[in-house]
Amino acid sequence: MTALQYDPHEIEARWQDIWAEERTWEVANTHDAAAHANDSYVLEMLPYPSGEPHIGHLKTYSVGDAIAHFHRRLGRRVLHPMGYDAFGLPAENHAIKTGEHPRLSTAVSIASFQRQFRSWGISIDWSRELATHEPSYYRWTQWIFLELFRSGLAYRKEAAVKWCPHDQTVLANEQVDADGRCERCGHLVEVRQLEQWFLRITDYAERLLGDLETIDWPANVKTMQRNWIGRSEGAEVTFRCDELAIDYPVFTTRPDTLFGATFFVMAPEHPDVLRLAHGTEHEHEVREYVNVALNESNQERGDVERPKTGVPLGRRVTNPVNGEQIPMYVADYVLMEYGTGAIMAVPAHDERDHAFARAFDLPIRRVIEPAGGSDAADDDALPYTGDGVLVNCGSDFDGLPNRDALAEIVRWLDREGNGHASVNYRLRDWLVSRQRYWGAPIPILYCEDCGVVPVPDDQLPVQLPEIDDYTPKGRSPLAAVEDWVSTNCPACGGRARRETDTMDTFVDSSWYFLRYCDPHNDLAAFDPDALREWMPVDQYIGGVEHAILHLMYARFFCKALADLGHLDFQEPFQALFTQGMVTKDGAKMSKSRGNVVSPASIVERVGADAARCYILFVGPPDQDADWSDAGVDGVHRFLSRLWRLGAETAERGGAASGPPHGDAGAQGDDLVLLRKAHWAIDKVSGDLRRFAFNTAIAAVMELLNDCSRLRDSADVEMLRFALATGASLLFPFAPHVSADVFERLTGERVWETSWPSAEEELLERDVYELVCQVNGKLRDRVQAATGASADELKELCLAAPNVQAHLDGNEIVKAIVVPGKLVNFVVRPAVSTVSF
RNA sequence: GCCCGGGUGGCGGAACGGUAGACGCGCUCGAUUUAAAAUCGAUGGCCUUGACGGCGAUUGUGGGUUCGACUCCCACCCCGGGCACCA
């Protein structure tokens, strides 16, 4: 017999060629809505092409490919496309450094991703490939922007925006981290006043929140989105400044504490602050305070620990519930972006107001006492933020539980015209302008006569002009291309200038999954019929780092496009799976740490199947996993054993003599193998449905171990069946070697066969090992017949030698019988001999 | 501070309230080999020369529920993540 040697490189190249030549994974649109029921859209988040793919990519696409293959073999038509999120800062920064056009470095990287995806054997429908920087794609990104503009969802306003001095561009709120640093480069972010484009995502806050109920996403991702949206119920209450005859509404979640409001505070950015202080003794001081506050970084201002500061405005407002005149302050602990930029301060029942009152020696009036009057009733226990009953609130409200009083007071405010129930959100509108080159130009013109004019649809795309100097200078590099900027107004024909900002790249990735459904359409972004066929995505897969931004923006786009009549579904991703990070030596892989494991080098060493299988085997895919070279070798050995035993069995059994079958009349070791194979089918099928790839692969290992153990004692036909079954089950994780083994054993292409199904009767055994316990401790095991009665099982257990030993002289108080599992005797000493 | 996850052998990890440690890695020993690699097999706390067999401890800590708890409940410790002057 020739020495059979597992050669992953030869095997993988051979099968990859077949899949490429036969375009095995391509699916055509059927334009048949009825086909939808049997379709499946499996999608991994598209990669950002920078350099080479890293191990995290290998994990994402290994997970996605396993699901795609599983769905196919369950008989579904699977859409599994690929594309590139090609615009963005890293490519542009590279261009600034080297002068090389970002298109070139991006093309090099994309080629590398394409090559490696093929070498990993990922089952991609390449006919639908796209990249967001291609004019054929961003033409429609621009069209969507204009649709949003036309419906009022894209608007322009001057705003205090987050500016990164290093990247020389504005950032979305979401792109600034907790320390007030640029998410990308880590520099401290500054505030600038600029005219910017915003998308009105806040209009969708309620639906983005409510529709989370309708989708099958991990709980932690839903929680993150809920926190980010930050819905608060409360009331808007109007405080009037009589001197200047101006009403100031405030938002509060605690209208029940309204009688305890002893002062009033405005944010430094509030437009009325200087006007209010004007002419008072505090005018100068206020002006200085505002200047300092505005120039402070968010990081400094946001520090919870720092002492409260502020300045009196020298004015008073009236508390509507009791007519009290309370003093106004400006203080930087009040944020302009939330609520109305002004608050009523209730120092007795709010930590921050309390700290401010102490610092400025302002009155603190308790209006809620804990029910039952405990220590917390002591004024030293203030601020008190819990529930209780109202005090110091006048005869109408005193004594009411505060939760009841809250509703009562809101009704009173409403009746008197001093306020109403209200809901507030933490979510802010999405700032999409970027003063950078490598992005989709915002398709807007500024005409001297007509003002803001959208570029007509038939003039899209607004193409990026070629430039030489990518260096940021505080404005978009596009602004320097005078003959591009200067154009004519499509409305009046007069002189107009182009918008020179480009769009946040999150805009590009907020609709790419729609384009995959109809990628070559040059008459529209997509045909609604094509979307009906595939959308929503059945299974979306990606990193948890996108839990908020990308996933929120994509949901927003779908809802907005649905409202505009372009889609007939509300949520883009029906199910979401977020995979954990791959670390090395417990740390995130990075060049500076020198612990980067490149997928290419692993594939070179042990092949793609072993690399893919290992990364799924190392642990549950939603958790972080630490890469181990020794571990991948172990999986490589497993695949070698499978292939060798498969090849050897194929030779022995007269290869390719048709599909093998488990013989129902099998006996002895044949029956053991037959049962193990069916157990594995059942186990792997269940594990695939719950993304437990690690235990699925372990089950195939167990099956193979039994095959090896029984290779000489079992019938070769049964061995052929068991090994072919193992290969079939392993195909979603290690497609090349599985296809190879399966073909050798059966003459068939495994991906053309349907997923095996386990036979119930082979999952059950006629005898099993009955666990015998005494007082909950395992004492013996005996063979028991399936279907034996409880009494029979008790008898069996009672007869077990080691049970006898432990029952010796003791009285059986109780017997617990779990058929199919165990018998537990609860005993106590028959004679109470107390001895020490 | 608030909200989520998570703590199991030397390591990664398994385990519907029912045999804790599947599967893999590593270590050690053995077979094969002139040798090594590769491959195959075995041990893995204690008692027993050894196998067989038996015994005890054990899933971050302390309590509780239960015939029985890694699993459920309460309190605490540690690690990771998200949010955080959001009224």
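By convention in this document, chain letters (A, B, ...) are assigned in the order of the sequence lines, proteins followed by strands, and residues within each chain are numbered from 1.
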Interatomic distance at C1', B:C83 relative to B:U71, whole Å: 30 Å

For atom CZ of A:Arg306 and atom P of B:A84, their distance in whole Å: 17 Å

Whether A:Tyr614 and A:Trp627 hold their rings parallel, tilted or perpendicular, with breakpoints at 30° and 60°: perpendicular

Phosphate contact (B:C4 OP1 or OP2) by A:Asn227 side-chain N/O below 4.0 Å: no

Nearest-angstrom distance from the residue atom CG of A:Asp687 to P of B:G13: 17 Å

For B:G41, the Watson-Crick or wobble counterpart (both distances under 3.5 Å): B:C29

Under-3.5 Å donor-acceptor pair between A:Asn824 side chain and B:C67 base: yes

Rounded distance in Å between the C1' positions of B:G9 and B:G26: 12 Å

Test item: A:Thr583 side-chain N/O and A:Ala625 main-chain N/O as donor-acceptor pair under 3.5 Å: yes

Separation of atom CG in A:Leu793 from atom P in B:U19, rounded to whole Å: 16 Å

Whole-Å distance separating the CG atom of A:Asp706 from the C1' atom of B:A22: 13 Å

Nearest-angstrom distance, C1' atom, B:G12 to B:G63: 32 Å

